[in-house]
Protein chains: 2
Amino acid sequence: MNELSHLKSAGLKSTLPRLKVLSLFESGSERHLSAEDVYKKLLASGDDVGLATVYRVLNQFEQAGLLVKHHFEGDKSVFELNQGDHHDHIVCLQCGRVEEFYDATIEQRQKKAAAERGFELHDHSLYIYANCVKPKCQYRN
Amino acid sequence: MNELSHLKSAGLKSTLPRLKVLSLFESGSERHLSAEDVYKKLLASGDDVGLATVYRVLNQFEQAGLLVKHHFEGDKSVFELNQGDHHDHIVCLQCGRVEEFYDATIEQRQKKAAAERGFELHDHSLYIYANCVKPKCQYRN
DNA sequence: ATTACAAATGAGAATGATTAGCATTAGCAT
DNA sequence: ATGCTAATGCTAATCATTCTCATTTGTAAT
């Protein structure tokens with residue numbers, strides 16, 4: 001199951017902009033990208049797509065399950081490749097480093113908490129805001 | 001320690017708009033309010049404050065530790081009275097009902113997850129998005 | 001009480017992210 | 001090769017939130 005088939009099954013035509021965006025995420029240089037990030041990276045590599053298109057494509061990919069959208073602290077949202085594995089994030093408040101983690105116990109207790117209060121868990125978002133420890137932030141100069 | 005002393009200790013003058021906003025939260029009719037909500041409620045009760053002021057005051061109160069700000073799904077943020085007890089939220093995707101909960105295990109595992117990855121937990125945000133169970137959503141018509 | 005001044009307010013402009021509208025272009029099936 | 005619909009690229013529009021700045025209001029000192 002490659003990119004093309006993914007697009008197909010989502011009822012999306014395989015267009016140039018879409019393929020560009022997709023391969024950007026698959027190249028894996030950076031895992032978490034905002035619409036603006038994607039836009040700039042594409043421009044930088046000579047491919048010029050409109051910003052509006054980037055937004056549209058990103059959202060379509062999210063609907064299609066190709067990408068996952070996150071709202072870290074701040075206003076702009078970021079997207080990452082959906083590799084099937086659900087995970088949460090730890091974000092360094094200083095340098096922005098992002099680590100992913102998964103904790104089965106947390107997941108389970110969430111479901112329990114919801115159930116106990118008459119809810120059926122549909123989804124959740126957990127972000128841990130922290131500071132890299134030690135001398136200085138690893139990603140800070 | 002009342003409202004006035006709170007304002008004082010935060011270095012904030014006790015002005016009319018600030019007292020109005022504060023008492024709105026303390027009246028407790030609704031626990032979670034957005035800037036827009038506050039603005040409308042004040043207008044409705046004849047007190048007319050500017051929207052900009054509401055935003056300013058809300059943020060100052062957050063800095064001062066009087067209120068806590070949350071970003072539920074969607075774009076606008078909501079505030080609630082800070083009563084010292086940290087808790088997370090479950091939000092019904094259908095009707096918007098919000099329940100608060102606290103799970104010591106979750107809290108602890110978060111700290112652990114952060115520590116294990118070289119972070120010092122500073123803060124976190126956990127929102128569970130769910131649906132009220134049973135026949136129909138309690139708050140839905 | 002009155003004064004004096006910095007802090008606070010209000011109204012509207014400005015911002016920043018994201019979306020909508022629409023004419024033009026490009027996949028894709030015939 | 002043709003035609004039609006979806007997709008793209010602009011630009012303008014939204015929405016929440018913040019900023020600017022002239023005017024007003026607490027407050028502490030007279």
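Just so we're on the same page: letters track the sequence lines, and every chain starts at 1. The figures here come from the full heavy-atom set of this structure, side chains too, leaving out hydrogens, waters and symmetry mates. Since we're looking at a predicted model, the values are computed, not measured.
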Item checked: Any-strand Watson-Crick or G-U partner of dG12(C), both distances under 3.5 Å -> dC19(D)
Notebook entry, point to check: Is it true that Val49(A) and Leu51(A) fall in one hydrophobic cluster, defined by side-chain heavy atoms closer than 4.5 Å?
Noted result: yes
Margin query: For His86(B), I'd like to know if atom NE2 has over 12 heavy atoms of other residues, nucleotides or ligands within 6.0 Å.
Written below: yes
Checklist line | Length of the OH-C1' vector between Tyr39(A) and dT19(C), whole Å | finding: 16 Å
Checklist line | Aromatic plane relationship, His32(B) with Phe72(B) - under 30° parallel, 30 to 60° tilted, over 60° perpendicular | finding: tilted
Checklist line | Nucleotide paired to dT30(C) in any strand shown, Watson-Crick or G-U, under 3.5 Å | finding: dA1(D)
Note to self: Taking the minimum atom-to-atom distance to the side chain of Ser14(A), which one of dG12(C), dC28(C), dT8(D) wins?
What the structure shows: dC28(C)
Check: Once you round it to whole Å, what is the distance between C1' of dC15(D) and OH of Tyr55(B)?
Finding: 9 Å
Next item on the list: Write down the distance between CG (Leu12(B)) and P (dT27(D)), rounded to a whole number of angstrom.
Entry: 11 Å
Next item on the list: Whole angstrom is fine here: how far is it from CG in Asp48(A) over to P in dT25(C)?
Entry: 14 Å
Notebook entry, point to check: Mapping Gln60(A) and Glu36(B) onto DNA chain D by nearest heavy atom, which one lands closer to the 5' end?
Noted result: Gln60(A)
Next item on the list: Using a strict 4.0 Å threshold on nitrogen-to-oxygen distance, state whether Lys112(A) and Glu116(A) make a salt bridge.
Entry: yes
Next item on the list: From the options dT9(C), dG26(D), dC19(D), select the nucleotide whose nearest atom is closest to the side chain of Ala52(B).
Entry: dC19(D)
Notebook entry, point to check: How close or far is atom C1' of dG27(C) from atom NZ of Lys8(A), stated in whole angstroms?
Noted result: 11 Å
Check: If you check the Lys13(B) side chain, which of dT18(C), dG9(D), dT27(D) turns out closest?
Finding: dT27(D)
Notebook entry, point to check: Counting any heavy atom closer than 4.0 Å, what does Thr15(B) reach on the DNA or RNA strands: base, sugar-phosphate only, or nothing?
Noted result: sugar-phosphate
Next item on the list: Check every strand shown and say whether Ser34(B) touches a base, only sugar-phosphate, or nothing at a heavy-atom separation below 4.0 Å.
Entry: nothing
Check: How close or far is atom C1' of dT20(D) from atom CG of Leu51(B), stated in whole angstroms?
Finding: 16 Å
Next item on the list: Under 4.0 Å between any heavy atoms, over every strand shown, what does Arg18(A) touch: base, sugar-phosphate, or nothing? Just pick one.
Entry: sugar-phosphate
Next item on the list: Starting from the 5' end of DNA chain D, give me the residue, Leu16(B) or Asp75(B), whose nearest nucleotide shows up first.
Entry: Asp75(B)
Margin query: Quick check on dT18(D): is either OP1 or OP2 less than 4.0 Å from any side-chain nitrogen or oxygen of Asn59(B)?
Written below: yes
Next item on the list: Check the distance between dT8(D)'s C1' and Leu43(A)'s CG and give it to me in whole angstrom.
Entry: 14 Å
Next item on the list: Could you tell me how the ring of Tyr127(B) sits relative to the ring of His89(B): parallel (under 30°), tilted (30 to 60°) or perpendicular (over 60°)?
Entry: tilted
Next item on the list: Give Lys76(A) one of three labels, base, sugar-phosphate or nothing, depending on what nucleic acid heavy atoms sit under 4.0 Å from its own.
Entry: sugar-phosphate
Check: Separation of Arg56(B) atom CZ from dT9(C) atom C1', in whole Å?
Finding: 6 Å
